[in-house]
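Residue numbers run from 1 in the order of the sequence given. Whatever order the structure lists ligands and atoms in, that order sets their numbers, starting from 1.
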Amino acid sequence: MSYISVDDRSNEQFMELFKQTAEIKTQLSVNKGALRHVCPDVMMGMMFYEPSTRTSGSFNKAITFLGGMPAPFDISTSSIAKGETLEDTARMIAMACDILVVRHSGEGTCRTLETILRQSNPNISIINAGEGKGEHPTQALLDMYTIWENFGRTDVTIGLYGDLAHGRTAHSLIKLASRMGATIVCAAPRAELEMPQEYIRYARDKGAKVIVTDNIESVAGDLDVIYTTRLQRERGASQDKIEAFEAGSGYGVTPALMKLFNPKGIVMHPLPRVDELSVEVDADPRAKYFQQAENGIYTRMALIVSEMNRPIFAKA
Ligand code: ASP
Ligand code: CP
């Protein structure tokens with residue numbers, strides 16, 4: 001079963017993944033080699049057409065911790081330079097693989113590749129590692145896990161703050177969090193960067209309360225989570241929008257905003273950060289973005305074992 005959108009799994013399946021992740025973390029904290037027997041025969045292809053540090057690195061670590069085999073692919077030295085198509089490249093990378101992890105700028109790429117690759121390999125599982133400005137569903141998995149880990153529940157109030165128009169992590173998170181009982185505050189600093197209506201509609205259809213504001217300061221005290229994102233310059237944020245964003249006096253998570261923020265809240269960021277999240281915030285105990293990034297390893301391990309139908313621990 002592929003994982004291309006958060007819609008591909010039920011809330012119950014997410015809860016199961018969270019519990020498996022918690023168990024995996026516990027096991028690895030005692031012995032890093034404890035789970036090497038789980039997927040020794042599994043080959044995972046990695047096809048990243050866009051830059052990545054965390055997602056590619058954590059998938060690599062995840063399959064290695066499970067004893068499986070990562071099959072990386074370097075776009076800069078590949079035969080794409082000779083004009084090979086995306087489809088033919090995917091056929092080669094996916095050859096002999098059980099799982100193919102795909103990052104690409106084109107929305108719909110993962111579904112297209114799934115159709116093509118299943119003609120020769122009916123069991124292959126495609127995992128979306130970030131697709132244009134559409135979704136980044138494994139990020140939403142680790143984001144919701146981090147929220148659950150910190151609060152013990154998912155019906156929290158989340159302030160999405162940044163470029164909500166073009167940020168795929170915010171798109172997947174609003175979908176998943178609204179389904180899991182969260183209240184959503186969309187706090188783009190400029191109207192041009194606001195969350196697209198289709199996602200707000202989705203969240204409201206799932207019964208979530210959604211508030212739209214351009215003033216994070218006025219709501220900061222009531223938020224459990226500030227989830228900030230960088231301006232997605234590479235995704236069509238126009239020069240006007242960039243200037244508007246940069247002119248946004250005081251924009252960003254700064255020590256000043258932290259003073260207004262709920263003392264029991266947490267700050268999250270999918271990373272990489274640029275200048276919207278001050279390094280001075282790193283020492284604040286509410287800063288959880290590095291823990292969040294590390295959770296990417298363990299949640300992706302849980303996802304791989306569920307894709308391969310090899311649950312490590314008995315269901316609760
Ligand atoms: N790393 C995340 C993504 O690939 C967030 C970002 O790049 O801003 O979507
Ligand atoms: N969060 C995230 O997707 O990071 P990378 O772009 O570095 O993979």
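- Annotation: side chain of R273 is in contact with side chain of V279 (closest heavy-atom distance under 4.5 Å).
- Ranked by closest heavy atom to atom 2 (C) of ligand 2, the top entry among T55, T169, D143 is T55.
- When each of V225, N295, V267, N150 is paired with K288, the side-chain contact (heavy atoms from CB on, under 4.5 Å) condition holds for N150 and for no other.
- Each of R103, H136, R168, T169, R230, Q232, L271, P272 has a non-hydrogen atom positioned under 4.0 Å from some atom of ligand 1.
- With Y298 as the aromatic partner, K25 does not meet the cation-pi criteria of under 6.0 angstrom to the ring centre and within 45 degrees of the ring axis.
- For the 3.5 Å distance criterion, the side chains of S125 and E307 qualify, holding a donor opposite an acceptor.
- The proximity of L271 to ligand 2, defined as any non-hydrogen pair under 4.0 Å, is limited to the backbone.
- Checked against a 3.5 angstrom limit, the closest N/O atoms of P272 and ligand 2 fall outside it.
- Within the listing of ligand 2, atoms 1 (N), 2 (C), 3 (O) sit less than 4.0 angstrom from a heavy atom of Q139.
- The closest side-chain heavy-atom distance from T89 to S79 is not below 4.5 Å.
- Only the side chain of R103 comes within 4.0 Å of ligand 2, judged by heavy-atom distances.
- Nearest to atom 4 (O) of ligand 2 among the protein's heavy atoms is R54 NE, 2.9 Å.
- Ring planes of Y49 and F73: tilted class, angle from 30 to 60°.
- At under 3.5 Å, a nitrogen or oxygen of T53, whether backbone or side chain, sits near a nitrogen or oxygen of ligand 2.
- The closest side-chain heavy-atom distance from Q27 to M301 is not below 4.5 Å.
- Residues H136 and R103 have side chains that bring a donor and an acceptor to within less than 3.5 angstrom of each other.
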Listing, residues 104-120 side-chain donor-acceptor contacts under 3.5 Å, not counting sequence neighbours, or none:
unit_1	atom_1	unit_2	atom_2	d
H104	ND1	G106	N	2.9
H104	ND1	T109	OG1	3.3
T109	OG1	G106	O	2.6
R111	NH2	D8	OD1	3.0
R111	NH2	D8	OD2	3.1
T112	OG1	G108	O	2.9
E114	OE2	S2	OG	2.6
E114	OE2	R118	NH1	3.3
E114	OE2	R118	NH2	3.4
T115	OG1	R111	O	3.1
R118	NE	I124	O	3.1
R118	NH2	S2	OG	3.1
R118	NH2	I124	O	2.9
S120	OG	L117	O	3.4

